Number of protein chains: 2
Amino acid sequence: MNSKKLAEFLEYAASLCETREVRLTPQRLEVLSIIAASGKPVGAYEILQKLQQERPNAAPPTVYRALDFLQEQGLVHRLASLQAYLACNHPHDEHQGQFLICSDCGRVREMEDGAIHTSLCKAADKAGFDMDDEIVEILGRCGECKRVRS
Amino acid sequence: MNSKKLAEFLEYAASLCETREVRLTPQRLEVLSIIAASGKPVGAYEILQKLQQERPNAAPPTVYRALDFLQEQGLVHRLASLQAYLACNHPHDEHQGQFLICSDCGRVREMEDGAIHTSLCKAADKAGFDMDDEIVEILGRCGECKRVRS
DNA sequence: AATAATATTGTTACAATATAACATAACTCT
DNA sequence: AGAGTTATGTTATATTGTAACAATATTATT
């Protein structure tokens with residue numbers, strides 16, 4: 001994410017939290033900024049290292065608490081297959097997204113594909129299952145890597 | 001899994017490995033048996049504890065190596081959202097399955113839903129993405145828990 | 001059968017991810 | 001100003017997973 005988009009995103013996040021009357025504190029904002037700036041999934045301890053450049057006394061709970069908050073607000077997703085965190089493209093309420101994870105460049109594209117969601121709902125329904133959360137992560141090779149790296 | 005189904009499953013696994021000319025060694029079989037017998041996702045260190053009842057000198061690599069083998073053979077799946085392992089319903093080659101994970105009773109149902117797979121392929125394709133693996137885990141409440149626990 | 005090559009297991013140590021528990025500080029509301 | 005709630009500081013530890021290298025067992029080759 002370039003610095004202009006980053007600034008926009010952070011501002012959007014701030015206004016979103018204001019609307020919801022939840023507190024995007026400086027620490028939470030910093031963590032969000034670190035994740036968004038990287039443009040890729042980031043591990044919690046990688047976030048911690050960067051955060052410690054500003055706040056030398058930051059510790060694992062500092063990061064994990066901020067991550068909890070940001071995930072609740074839909075501003076950040078956790079990628080279960082990578083154990084890493086990613087800023088959200090479209091952080092409106094209630095959504096989880098589906099992810100295309102490139103094993104080559106490490107970048108991730110978030111989708112919100114209605115057909116996928118529908119097929120999941122139908123399958124769950126057929127099994128008499130009440131769906132709370134859905135985790136969809138597709139691993140492979142992105143278009144750019146296919147072009148660039150042979 | 002009851003003991004009859006368990007025995008059938010283990011025998012099937014043995015014949016499968018024989019056909020493929022890979023070695024389902026006693027250790028690997030024990031690990032598979034522990035997972036299958038539990039009928040639910042099991043953590044690696046839970047497997048280790050049970051394995052140590054038979055083999056007191058088993059260590060983490062003992063378990064993880066067996067798990068690697070069993071996953072390669074499609075006899076066991078790893079559930080990324082739980083960091084746990086589950087015996088496979090239908091261990092033919094080349095499949096990954098989709099999982100309905102009940103947050104209430106902890107049981108998991110594996111599906112192989114063509115519509116889900118198709119929707120994933122289409123979405124990936126539309127994004128110019130070459131799919132290698134798919135991870136689909138649905139968290140919620142199973143039919144039985146809905147009935148039994150109000 | 002003896003040897004070489006490969007695959008599996010033993011063993012120790014450690015890395016990476018995440019949480020528990022309790023103290024302190026800050027904010028919010030009356 | 002004080003009580004209640006939310007957020008942070010801090011230390012220690014739990015959980016999950018791997019690296020690295022030695023020893024053993026299996027398979028293939030001569």
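In this text the structure is predicted, and so the values were computed from the model without any measurement. We use all heavy atoms of the structure for the numbers below, so side chains are in, but hydrogens, waters and symmetry mates are not. Lettering of chains follows the sequences in order, A, B, ..., and the numbering in each one begins at 1.
- Between E46(A) atom CD and dA18(C) atom P there is a gap of 13 Å when expressed in whole angstrom units.
- Counting only heavy atoms from C-beta on, N57(A) has its side chain closest to dT10(D) among dT8(D), dG10(C), dT10(D).
- Q49(A) CD: 12 or fewer foreign heavy atoms inside a 6.0 Å radius.
- If you take CD of E54(B) and C1' of dT9(C), they are 18 Å apart, rounded to a whole angstrom.
- The CD-P distance, from Q49(A) to dT17(C), rounds to 10 Å in whole Å.
- Each of R55(B) and R23(A) has a nearest nucleotide on DNA chain C; the 5'-most of these lies closest to R55(B).
- Look at CD1 on I47(A): it is 13 Å from C1' on dA18(C), rounded to the nearest Å.
- Scanning atom types as modelled, no donor and acceptor separated by under 3.5 angstrom connect the side chain of Y64(B) and the base of dA19(D).
- With distances taken from any side-chain atom of P61(B) to the nucleotides dG10(C), dA19(D), dT27(D), the minimum falls on dA19(D).
- R28(B) comes within 4.0 angstrom of sugar-phosphate atoms only, judged by non-hydrogen atoms across all strands, and of no base.
- Following rounding to the nearest Å, L67(A) (CG) and dA7(D) (C1') show an atom-to-atom distance of 15 Å.
- A salt bridge between E30(A) and R55(A) is present, with a side-chain N of the basic residue lying under 4.0 Å from a carboxylate O of the acidic one.
- As judged by a 4.0 angstrom heavy-atom cut-off over every strand, R65(B) is placed among the base-contacting residues.
- Atom pair L48(B):CG and dT18(D):C1' shows a separation of 15 Å (rounding to whole Å applied).
- Between R141(A) and D132(B) there is no salt bridge, since none of the side-chain N atoms of the basic residue sits less than 4.0 Å from a carboxylate O of the acidic one.
- Residue Y85(B) is in sugar-phosphate contact alone, with no base atom involved, counting any heavy-atom pair closer than 4.0 Å across all strands shown.
- Of the listed nucleotides (dT17(C), dT27(D), dT12(C)), dT17(C) has the atom at the smallest distance from the side chain of R78(A).
- Set against dA18(C), dG10(C), dG17(D), the side chain of Q27(B) has dG10(C) as its closest nucleotide.
- dT17(C) atom C1' lies 16 Å from atom CG of L82(B), rounded to whole Å.
- If you look at H95(B) and H77(B), their ring centroids are closer than 6.0 Å.
- With dT11(D), dG9(D), dG17(D) as the candidates, the nucleotide lying closest to the side chain of Y45(B) is dG17(D).
- Residues V136(A) and F99(A) form no side-chain contact, since every pair of their non-hydrogen atoms from C-beta on lies 4.5 Å or further apart.
- Among dT11(C), dG9(D), dA7(D), the nucleotide with an atom closest to any side-chain atom of T62(A) is dG9(D).
- Between the CD atom of Q83(A) and the P atom of dA15(C) there is a distance of 17 Å, rounded to whole Å.
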